[in-house]
Every structure is written in C-alpha cells, then in structure tokens.
Amino acid sequence: MSTRTPIAFLKGHGTENDFVIVPDPDNVIDLSPAAVAALCDRRAGIGGDGLLHVVRSAAHPEAKDMAAEAEWFMDYRNGDGSIAEMCGNGVRVFARYLQHAGLTTEGDLAIATRGGVKTVHIAKDGDVTVGMGKARLPEGDVTVSVGERSWPARNVNMGNPHAVAFVDDLAHAGDLYSPPPFSPASAYPDGVNVEFVVDRGPGHVALRVHERGSGETRSCGTGACAVAVATARRDGTDPAVTGAPATYTVDVPGGTLVITERPDGEIEMTGPAVIVAEGELDAEWLETIVR
C-alpha cells in the first residue's frame with residue numbers, strides 16, 4: 001500500500017459472524033494477506049472473522065465476467081488473510097453495506113462472488129435472504145474426529161467444502177481452536193469447514209463450526225445451508241423427490257438462520273445483517289504491517 005490517504009472501513013455482522021468492510025469500488029487498495037490478517041486481528045486490529053472487500057465487478061480480474069449480471073463483487077478474505085470462495089453471512093452483510101451506502105435499496109439485487117453470482121433480497125423488516133445456489137453431495141465416506149471421538153460426516157459442497165457430523169452433545173466438538181482432523185485427506189485437499197450438529201426438535205437443529213482459516217466462529221452461513229441439506233437427507237427428505245421445499249431453523253452460537261431447500265435444488269438463507277460502525281484506517285499503520 002503506497003498511499004497514506006485515509007482508508008474508509010466499516011464493521012458489520014450477521015448472526016455475530018463479524019467482518020471488516022473495506023469499500024474500494026475501483027480496486028485500487030492492495031489488500032495483501034498480511035494486511036487482511038492485521039485488520040482482522042482482535043487485539044491489534046479492528047477484529048473480524050473475515051474481510052469484505054467491496055469492488056465493482058468490472059474492476060476486478062476475477063469478477064469481470066460477472067459484471068453484466070452483478071455490479072458489485074464480494075472479494076472475501078478469511079481472517080488469516082487467505083481467500084475463500086464464498087461466505088453466506090458475508091453476502092448478507094455485504095448487501096446491507098450496499099444499502100447503507102445508498103448503492104442499493106430494499107428489494108432484489110445480484111452480488112458476484114468467487115462461488116458465482118448470488119441473488120439477494122433485502123426485506124423491509126431488515127432480514128436479508130440470499131440465494132445460496134445448489135448443494136453438491138460428493139460421494140465417499142468421510143470421518144471427522146475430536147480427541148478420541150470420531151463421527152461419520154456428510155460431505156456437502158456449497159461453493160466451499162463442508163463436513164457435517166451429527167453428535168450427541170455440542171461440547172463433544174471440543175474447543176475448535178485447531179481444525180478437527182478428517183479422513184480421507186483426499187476428500188478435502190484445500191481444507192474444510194467442519195460442522196457439529198445436534199437436534200433441537202422437528203425441523204430445528206443447532207451447530208458449532210470450525211471455519212477453515214478462522215477457527216470457531218459465531219456463525220457460518222454456508223455451513224448452516226450444508227447442515228440443513230445434510231439433516232434433510234438424514235431425515236429421508238429430498239425436495240427434488242418430494243416436490244415440496246424443506247425448511248430448517250438452524251441455531252448458530254450468534255443467533256438463528258432459516259434455511260429452505262427448494263425442489264429445484266436452490267437453497268435460500270434468511271437472517272439478520274447489521275452495520276455497527278464506520279471510520280477510517282490509519283494508512284501509515286497499515287503500511288508498517290505490510291512492509
């Protein structure tokens with residue numbers, strides 16, 4: 001980063017999955033992995049599970065091909081600075097930022113992500129619904145473990161990889177500081193988000209999640225979708241077969257999301273999104289981080 005012009009930022013969260021937001025319509029800010037990790041540091045930076053880099057699709061080489069469908073590209077980064085394909089809670093907060101900045105209004109819009117173009121609806125009550133696309137269910141057995149316990153897991157891909165394990169007690173997930181081991185290693189060559197799930201009642205589950213690159217987070221939108229699909233299949237429900245949508249309430253540590261899988265396979269996620277602060281970064285500080 002070569003300029004010392006103050007850099008605008010905001011802070012937002014969706015079910016307490018929190019993000020640093022950096023508006024950069026023309027894609028001129030060099031957000032290196034070190035800079036992102038510094039910004040997301042909860043003691044020495046602003047703090048967040050990840051960073052939402054707000055760029056016009058036409059200005060970003062990874063999104064140019066989507067510019068005709070979606071004006072804005074969510075250049076999402078994990079808290080450790082690594083790049084991720086998608087973040088469901090992040091899309092909701094991204095949409096809320098666009099509304100906050102006067103770049104969109106209530107109603108429908110499209111947002112480009114590395115996981116494709118996502119359709120979004122901003123409701124009058126403040127909730128945001130995101131079309132999360134279709135789940136893929138790769139074949140093959142997967143096992144995840146914590147300490148001496150291990151469980152079979154459902155492999156679900158929501159544009160990013162998930163391993164969903166049903167457990168008797170969420171405490172069995174341990175501290176989730178480090179990634180839960182999984183096998184076979186070939187199932188997830190780039191790592192995986194691991195969800196531990198318990199039943200709360202009919203159509204109602206709760207989860208804890210270890211997000212790759214971030215550790216345990218208060219919420220994971222793609223994870224909640226993966227859990228809803230895995231739970232439906234466990235329950236013997238497939239909307240493509242029944243012709244009826246399947247809806248699950250998914251409790252995450254930071255709140256509640258409602259996930260619906262439609263007969264055409266499309267998955268919709270509804271939940272809150274909040275902007276809590278905005279200000280300016282000290283560019284000189286950030287410059288010292290990335291030297």
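We're numbering straight along the sequence, starting at 1.
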- Shortest non-hydrogen contact from L257 to G221? CD1-CA, 4.3 Å
- Message: For a 4.5 angstrom cut-off between non-hydrogen side-chain atoms, does E268 reach V130?
- Response: no
- Message: Between Y188 and V142, is there a side-chain heavy-atom distance shorter than 4.5 Å?
- Response: yes
- Spatial distance of atom OH (Y97) from atom CG (L10) [nearest 0.5 Å]: 6.0 Å
- Task: Mark yes or no for whether S214, through its side chain, and D49, through its backbone, hold a donor-acceptor pair below 3.5 Å.
- Result: yes
- So do R218 and D18 actually touch side chain to side chain, heavy atoms under 4.5 Å? no
- For D264, does its backbone N or O pair with a side-chain atom of K134 as donor and acceptor, under 3.5 Å? yes
- In terms of hydrophobic clusters joined by side-chain contacts under 4.5 Å, are V198 and V227 together? no
- Message: Please check: side-chain N/O of N17 versus main-chain N/O of N89, any donor-acceptor pairing under 3.5 Å?
- Response: no
- Item | Heavy-atom side-chain contact between L39 and L286 under 4.5 Å | yes
- Output yes when a side-chain donor or acceptor of R96 lies under 3.5 Å from a complementary backbone atom of G14, and no otherwise. no
- Query: Going hydrophobic residue to hydrophobic residue with side-chain gaps under 4.5 angstrom, can you get from I267 over to Y248?
  - Reply: yes
- Message: Using the rule given for side-chain contact (heavy atoms from CB on, under 4.5 Å), can you reason through W151 versus V146, listing the C-alpha separation, both sets of side-chain angles and the distance that settles it, and then say yes or no?
- Response: CA-CA 9 Å; W151 303 268; V146 174; 4.0 Å; yes
- Query: Would you say the side-chain atoms of D235 pair up with the backbone N or O of T237, donor to acceptor, closer than 3.5 Å?
  - Reply: no
- Message: Show the nearest heavy-atom pair for residues F166 and R234, with the distance to one decimal.
- Response: CD2-NH1, 3.5 Å
- Task: Can you see which heavy atom on V117 is nearest to which on A110, and at what distance?
- Result: CG1-CB, 3.8 Å
- Message: Hydrophobic clustering (ILVMFWY, side-chain heavy atoms < 4.5 Å, transitive) - are L170 and V209 grouped together?
- Response: no
- Could you tell me whether the side chain of L207 reaches within less than 4.5 Å of the side chain of V164, counting heavy atoms only? no
- Got a salt bridge between R149 and D168, using NZ or NE/NH1/NH2 to carboxylate O under 4.0 Å? no
- Indicate whether any N or O donor in one side chain lies under 3.5 Å from an N or O acceptor in the other, for S82 and D80. yes
- Message: Quick one, M132 with I259, criterion side-chain contact (heavy atoms from CB on, under 4.5 Å). Give me CA distance, side-chain angles, the key distance, then yes/no.
- Response: CA-CA 10 Å; M132 299 290 287; I259 313 297; over 6 Å; no
- Between the main-chain N or O of A230 and the side-chain N or O of R154, is there a donor-acceptor pair closer than 3.5 Å? no
- Task: Decide yes or no for D238 and R233: does some side-chain heavy atom of the first lie under 4.5 Å from some side-chain heavy atom of the second?
- Result: yes
- Derivation and outcome, side-chain contact (heavy atoms from CB on, under 4.5 Å), residues L52 and Y76: CA-CA 5 Å; L52 305 176; Y76 180 70; 3.4 Å; yes
- Message: Would you say that P180 contacts S145 through its side chain, given a criterion of any heavy-atom pair below 4.5 Å between the two side chains?
- Response: no
- Minimal non-hydrogen separation, G116 against T113, with atom names: O-OG1, 2.7 Å
- Distance col, row L98:CG vs W72:CH2, nearest 0.5 angstrom, shows 6.5 Å
- Query: Is the side chain of N157 donor-acceptor paired with the backbone N or O of G159 at a distance under 3.5 Å, no angle test?
  - Reply: yes
- Note on the structure: Correct closest heavy-atom pair for I122 and A95 would be CD1-O, 3.8 Å
- Item | Min side-chain heavy-atom separation F73-R114 under 4.5 Å | yes
- Message: Testing the 3.5 Å rule here: is there a donor-acceptor pair between the side chains of H100 and E278?
- Response: yes
- Query: Counting only N and O atoms by type, is there a donor-acceptor contact under 3.5 Å from the side chain of S183 to the main-chain atoms of A185?
  - Reply: no
- Task: Establish whether L109 and F94 are linked, either directly or via other cluster members, by ILVMFWY side-chain heavy-atom contacts under 4.5 Å.
- Result: yes
- Message: If hydrophobic clusters are built by linking Ile, Leu, Val, Met, Phe, Trp and Tyr wherever their side-chain heavy atoms come under 4.5 Å apart, do L176 and V192 end up in the same one?
- Response: yes
- So CD of E195 and SG of C225: to nearest 0.5 Å the spacing works out to 10.0 Å
- Item | Distance, nearest 0.5 Å, that separates CD1 of I21 from CD1 of I275 | 3.5 Å
- Do the rings of H60 and H53 sit parallel, tilted or perpendicular, given the 30° and 60° boundaries? perpendicular
- Task: Show your reasoning for whether side-chain contact (heavy atoms from CB on, under 4.5 Å) applies to E280 and I7.
- Result: CA-CA 5 Å; E280 292 181 342; I7 299 164; over 6 Å; no
- Rounded to the nearest 0.5 Å, what's the gap from NE2 on H162 to CG on N193? Could you check? 4.5 Å
- Just wondering, are more than 12 heavy atoms of other shown residues or ligands nearer than 6.0 Å to CG in D65? no
- Check: P138 main-chain N/O paired with N155 side-chain donor or acceptor under 3.5 Å: no
- Tell me, yes or no, whether the heavy-atom count around D169 atom CG, taken from other residues, nucleotides or ligands under 6.0 Å, exceeds 12. yes
- Kindly give the heavy-atom pair with the smallest separation between R92 and P272, and that separation in Å. NH2-O, 2.7 Å
- Task: Measure the spacing between SG of C87 and NZ of K118 and express it to the nearest 0.5 Å.
- Result: 12.0 Å
